[in-house]
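For ligands, and for the atoms within them, numbers begin at 1 and follow the listed sequence.
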Amino acid sequence: DKETVSEYKKKLEIFKEDELAASKYLDRLPLLASGEEYSIGLNIGSSEPNEYIKYADFVGLFRTEFLYMESEHMPTEEEQFKAYKKVLANALGKPVTLRTLDIGGDKSLRYLVLPHEANPFLGKRALRLCLDLMDLFKTQLRAALRASAFGEMWIMFPMVGSIDDIRNAKAVVEEVKAELREEKIPFDENIKIGIMIEIPSIAMISDLAAKEVDFASIGTNDLTQYLHAVDRMNADIVDYYQSMSPSMFRMLGNIFSEFNQAGKPISVCGELAGDPVGALVMVGLGLRKLSMNASNIARVKRMLSNFSLTAMKDIAHAVKMQATQDEVIEYLEGKINSQEKITLAD
Ligand code: PEP
Ligand code: MG
């Protein structure tokens with residue numbers, strides 16, 4: 001309706017003004033006010049060049065779904081190989097985290113008929129589907145491994161719920177590697193294999209997961225959905241979708257601690273990393289690698305450059321002690337300079 005349109009036009013204006021003000025932080029070094037370093041990742045969803053790669057240290061999430069969704073047929077190994085090689089070339093030598101196909105749930109392919117499911121987000125989605133459709137999975141892994149000879153590629157599996165999932169997926173990678181060796185096709189023998197942490201069952205055993213993988217990245221979009229048992233696509237229950245709840249921050253803090261202790265890289269590539277306030281709290285909880293859409297980089301850098309690590313740790317500790325998301329937000333609003341015009345959880 002008209003009212004909503006005008007309300008959002010106003011929001012857009014404020015957003016654009018702020019974007020301009022924040023843009024001067026784009027090419028600043030990623031340093032906290034107290035001098036500690038962190039790194040910024042870029043989230044991408046296509047093989048086209050992204051000019052913001054120069055402001056990032058790595059590609060923290062390369063969603064490969066576009067290749068499948070834009071195609072009229074199942075993309076061939078050669079088509080995928082070319083696309084992945086192009087992404088590496090466009091990344092200017094920075095590491096690229098390729099996420100294997102995350103289809104099912106809300107995303108479908110017109111050339112792949114899948115059985116109807118009553119609860120698709122709890123169904124045969126992402127890695128579960130790939131482990132079932134072995135040809136599809138192996139084709140993607142072959143293409144990714146072949147491309148890994150042309151730049152630094154990390155491979156990451158979505159929707160991992162157990163150590164079985166990790167072991168099963170890694171076994172397929174080993175099979176594909178063996179085939180490539182046999183065929184004398186080059187690939188990076190030391191390619192890093194990691195997981196997305198977006199299901200509470202794997203988050204709860206982060207210490208055990210860290211032993212099985214080279215790295216992990218947290219998908220806070222799905223983690224919020226599964227932790228709170230709330231459908232991320234249902235606007236009717238948006239109030240229950242609380243990515244800044246005390247439970248989220250406690251869970252995130254535990255994952256960061258376990259991975260930091262194990263000495264394995266941990267990043268966040270869900271939307272919470274691109275939210276300046278979310279980023280602030282998570283750095284206080286121990287996170288040092290944040291991956292986001294290009295449009296969020298400047299604001300996140302601005303926020304993180306304004307706080308010392310000690311201040312962030314204090315804030316993070318206090319956040320974990322709040323009882324509700326509203327209390328978390330109220331507390332954070334009191335801590336953040338109003339000039340930053342941050343719209344908390346908006
Ligand atoms: C996430 O779940 O946070 C994530 C990054 O993956 P997607 O949004 O593609 O499900
Ligand atoms: Mg996800």
Side-chain angles (χ1 to χ4, degrees), residues 40-46 50 56 58-70 87 96-109 119-131 140 154-162 165-166 169 194-203 206 209 213 215-235 238 240-245 247-249 251-252 255-256 259 265-275 277-279 281-282 287 289-297 300 345:
I40 292 275
L42 184 66
N43 292 356
I44 59 171
S46 93
N50 185 320
F58 64 109
V59 173
L61 174 62
F62 166 33
R63 288 182 168 103
T64 55
E65 288 79 68
F66 80 96
L67 255 176
Y68 296 79
M69 297 183 78
E70 288 172 5
V87 169
V96 171
T97 319
L98 178 147
R99 179 178 75 181
T100 58
L101 185 61
D102 187 353
I103 217 81
D106 58 323
K107 297 182 210 117
S108 59
L109 302 175
N119 296 297
F121 274 110
L122 303 180
K124 207 188 268 182
R125 188 192 153 188
L127 182 63
R128 295 172 183 176
L129 188 68
C130 287
L131 287 171
Q140 182 170 37
W154 297 19
I155 293 179
M156 173 164 85
F157 306 117
M159 276 292 283
V160 166
S162 66
D165 282 347
I166 300 176
I195 55 167
M196 291 199 70
I197 297 185
E198 40 191 0
I199 303 183
S201 57
I202 199 74
S206 295
V213 298
F215 72 96
S217 187
I218 306 173
T220 49
N221 311 337
D222 275 313
L223 188 59
T224 304
Q225 160 169 266
Y226 295 124
L227 182 60
H228 294 273
V230 54
D231 181 351
R232 71 190 257 192
M233 306 301 287
N234 186 345
V238 71
Y240 292 92
Y241 186 88
Q242 302 188 343
S243 48
M244 291 212 188
S245 70
S247 2
M248 270 299 279
F249 285 126
M251 180 161 270
L252 290 168
I255 305 170
F256 303 152
F259 271 77
I266 180 79
S267 62
V268 171
C269 62
E271 294 301 317
L272 198 59
D275 178 316
V277 181
V281 179
M282 291 194 292
L287 180 67
K289 294 181 77 179
L290 303 98
S291 193
M292 61 200 71
N293 297 326
S295 59
N296 295 325
I297 296 177
V300 167

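The shortest separation from a heavy atom of Glu271 to ligand 1 is not under 4.0 Å, leaving the residue out of contact. Look at Arg125 and you'll find a heavy atom under 4.0 Å from some atom of ligand 1. At a 4.0 Å cut-off, not a single heavy atom of Gln225 sits close enough to ligand 1 to count as contact.
Put simply, the side chain of Ser162 gets close to the backbone of Asp165: a donor and an acceptor are under 3.5 Å apart. In this structure, the side chain of Asn43 engages the main chain of Cys269 through a donor-acceptor pair within 3.5 Å. At least one donor-acceptor pair closer than 3.5 Å links the side chain of Tyr226 to the backbone N or O of Phe121. Remark: the backbone N or O of Thr224 is not paired with any side-chain donor or acceptor of Ser243 at under 3.5 angstrom. In this structure a side-chain-to-backbone donor-acceptor pair under 3.5 Å is missing from Arg125 to Pro120.
Residues Val87 and Val59 have side chains not in contact (no heavy-atom distance under 4.5 Å, counting atoms from C-beta outward).
Rounding to 10°, one obtains 100° for the angle at the Mg ion (ligand 2) between OE1 (Glu198) and OD2 (Asp222).
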> Is there a side-chain contact (heavy atoms from CB on, under 4.5 Å) between Leu67 and Gln140 once you walk through the steps?
Replying inline: CA-CA 11 Å; Leu67 255 176; Gln140 182 170 37; over 6 Å; no
> Yes or no on side-chain contact (heavy atoms from CB on, under 4.5 Å) for Met159 and Met196, after CA distance, side-chain angles and deciding distance?
Replying inline: CA-CA 7 Å; Met159 276 292 283; Met196 291 199 70; over 6 Å; no
> Would Asn293 and Glu271 satisfy side-chain contact (heavy atoms from CB on, under 4.5 Å), going step by step from the backbone distance to the final call?
Replying inline: CA-CA 8 Å; Asn293 297 326; Glu271 294 301 317; 3.6 Å; yes
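In terms of N/O distances under 3.5 Å, ligand 1 is not approached by Glu65. Not a single N or O atom of Lys107, backbone or side chain, sits closer than 3.5 Å to an N or O atom of ligand 1.
Residue Leu61 approaches ligand 1 through these ligand atoms, each under 4.0 Å from one of its heavy atoms: 5 (C). Close contacts of ligand 1 with Arg232, meaning ligand atoms under 4.0 Å from a residue heavy atom, involve 2 (O), 7 (P), 8 (O), 10 (O). In the vicinity of Met196, heavy-atom distances shorter than 4.0 Å reach the ligand 1 atoms 4 (C), 5 (C). Ligand 1 places these atoms under 4.0 Å from at least one heavy atom of Gly270: 3 (O), 5 (C).
In this structure, the protein non-hydrogen atom closest to atom 4 (C) of ligand 1 is Asn221 ND2, 3.6 Å. In this structure, the protein non-hydrogen atom closest to atom 6 (O) of ligand 1 is Arg99 NH1, 3.0 Å. When only non-hydrogen protein atoms are considered, atom 5 (C) of ligand 1 lies nearest to Arg63 NH2, 3.5 Å.
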